[in-house]
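What follows is a short report on a single structure.
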Amino acid sequence: MQDVFDKVAEVRKQIEEAAIGSSVELEAFRVRFLGSKNILKDLFSAIKEVPNERKKEFGQLINEVKSLAESVFQEKSVLFADTNKQSARQIDLSLPAVTRNQGAMHPITLVREEIVHILERIGYVVAEGPEIEDDWHNFTALAMPDNHPARDMQDTFYIQTNPDILLRTHTSNVQIRVMEKQEPPIRIIAPGRTYRNETISARAHCIFHQVELLYIDEHVSFADLKQTLLYLAQELFGSQTKIRLRPSYFPFTEPSAELDVSCFICNQQGCNICKHTGWVEIGGAGMVDPAVLEACSIDPDKYSGFAFGMGLERMAMLKWQINDIRLFSENDLRFLQQFEGR
Ligand code: PHE
């Protein structure tokens, strides 16, 4: 007889200690203690074994245990409210699906990758250099010593506590970094972020991106430069593209040139992009000045080479006819979503 009372106590203990951490465990609890074949029903039928004078006590005990099970179940239901059943009832298959934003490559990334792939096909390898640079690699080694007027061409952000440290104004610092470490032949492409202290407007930004080319070997000539730029222009804009090199000046190249490509928007018929000239400027180039080779301990009598630099924002603006450079850094989804799937 004591046995049945013990069983009830045992079941109460199980209820009190039941670990219910999920809707599945909650359901198992319900089946065991409250379901149609629950364990308490078995105990109820054991009332036969209880002597008459204790039947009332026994019945009350079981009812208590039953209400305990019910309240535990109620309490846990709030937490794991039989979610499956509930949501199953609420699913409306005719509702439009929730669209998930897949994300897109940034237009600057897209043009960078395109240019890198084009040049990798003719043996260029990607090189990188620091964005926080010292004066030597950004200016002095590139034949722009202190007080050289050409420094004014690039309004520079200096680190205030140390005038020797600055944010690189161009990716040409990578030319120096690579030539200091590596013997020719050198054939690198260096994409990266650059900084100039410019007032932000639709046409200019203080943070932008460039891609730099450098090729150093024996007997590299201006003809190699022209052919490489023609290849790049035709791969980028189509095989009909023509190039034009206009004499220019950079302290670290001699001779220097500005690269124009025939306008790929109007096919040289005249449009706003080329300002009715038929040509658009895409970068600067030239033969590496022997003084720069010397600064990197490369023998200018044995080696020669060329360098080329272009702005990626400008490239992307031409390619997709984007008229405001600020769009690239504003993270406006309406702008960025247009590049999905490209
Ligand atoms: N570094 C130059 C600039 O930012 C571009 C350039 C690179 C010119 C390589 C010549 C050769 O204006």
Side-chain angles (χ1 to χ4, degrees), residues 108 111-112 115-116 119 124 126-131 133 135-145 148-157 166-179 186-198 203-216 220-222 224-230 232-233 243-261 280-293 295-296 298 300 303-315 317 325:
I108 296 300
V111 286
R112 184 195 69 208
I115 294 167
V116 165
L119 287 147
Y124 283 79
V126 172
E128 283 183 335
E131 290 173 29
E133 188 52 286
D135 183 281
W136 167 258
H137 292 94
N138 194 81
F139 288 129
T140 305
L142 287 158
M144 274 182 276
H148 193 289
R151 287 189 177 209
D152 292 346
M153 286 161 68
Q154 306 179 349
D155 291 318
T156 309
F157 284 120
L166 47 85
L167 296 180
R168 68 175 172 193
T169 56
H170 50 187
T171 43
S172 301
N173 68 324
V174 187
Q175 291 187 32
I176 305 301
R177 294 250 164 214
V178 172
M179 285 193 284
I186 292 169
R187 211 183 292 154
I188 55 131
I189 173 164
R193 188 170 286 172
T194 49
Y195 303 83
R196 285 184 203 177
N197 193 355
E198 304 253 6
R203 308 242 100 223
H205 207 291
C206 55
I207 302 174
F208 56 104
H209 299 78
Q210 290 189 333
V211 161
E212 190 93 5
L213 284 195
L214 177 70
Y215 178 29
I216 309 284
V220 177
S221 73
F222 202 86
D224 297 311
L225 171 59
K226 271 176 75 176
Q227 199 58 34
T228 304
L229 295 179
L230 179 65
L232 173 62
I243 63 165
R244 178 174 84 170
L245 287 161
R246 273 180 296 112
S248 184
Y249 172 77
F250 298 103
F252 39 91
T253 48
E254 181 59 35
S256 303
E258 217 82 59
L259 171 67
D260 293 345
V261 297
V280 281
E281 184 189 317
I282 67 162
M287 302 306 292
V288 177
D289 194 304
V292 175
L293 297 176
C296 303
I298 290 178
Y303 294 107
S304 57
F306 64 72
F308 168 64
M310 67 190 271
L312 288 182
E313 275 77 2
R314 183 168 162 70
M315 199 64 216
M317 288 170 89
I325 197 171

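Read the numbers this way: they start at 1 and go in the same order the structure lists the ligands and their atoms.
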Decide yes or no on side-chain contact (heavy atoms from CB on, under 4.5 Å) for Arg168 and Val174, but give the supporting numbers first.
CA-CA 10 Å; Arg168 68 175 172 193; Val174 187; 3.7 Å; yes
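- Near Ser172, meaning under 4.0 Å from any of its heavy atoms, are these atoms of ligand 1: 1 (N), 7 (C).
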Thr228 and Phe306: side-chain contact (heavy atoms from CB on, under 4.5 Å), yes or no, with the steps?
CA-CA 10 Å; Thr228 304; Phe306 64 72; 3.5 Å; yes
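- Here the shortest heavy-atom distance to atom 3 (C) of ligand 1, taken over Arg168, Arg196, Glu258, Glu212, belongs to Arg196.
- Only the side chain of Phe252 comes within 4.0 Å of ligand 1, judged by heavy-atom distances.
- Contact annotation: for Ser256 versus ligand 1, there are no heavy atoms closer than 4.0 Å.
- Judged by distance alone, with hydrogens and angles left aside, the side-chain atoms of Arg246 form no donor-acceptor pair with the main-chain N or O of Glu258 at under 3.5 Å.
- Close N/O approach between Thr169 and ligand 1 is not found [any backbone or side-chain N/O within under 3.5 Å].
- A distance of 7.5 Å separates CG of Leu229 from CD1 of Ile282, quoted to the nearest 0.5 Å.
- Counting heavy atoms under 4.0 Å from ligand 1, residue Ala307 touches it through both backbone and side chain.
- Here the closest heavy-atom approach between residue Ala285 and residue Thr253 is recorded as O-OG1, 4.0 Å.
- Using a non-hydrogen distance threshold of 4.0 Å, Met310 does not register as a contact of ligand 1.
- By the 30° and 60° cut-offs, the orientation of the rings of His170 relative to Phe139 is tilted.
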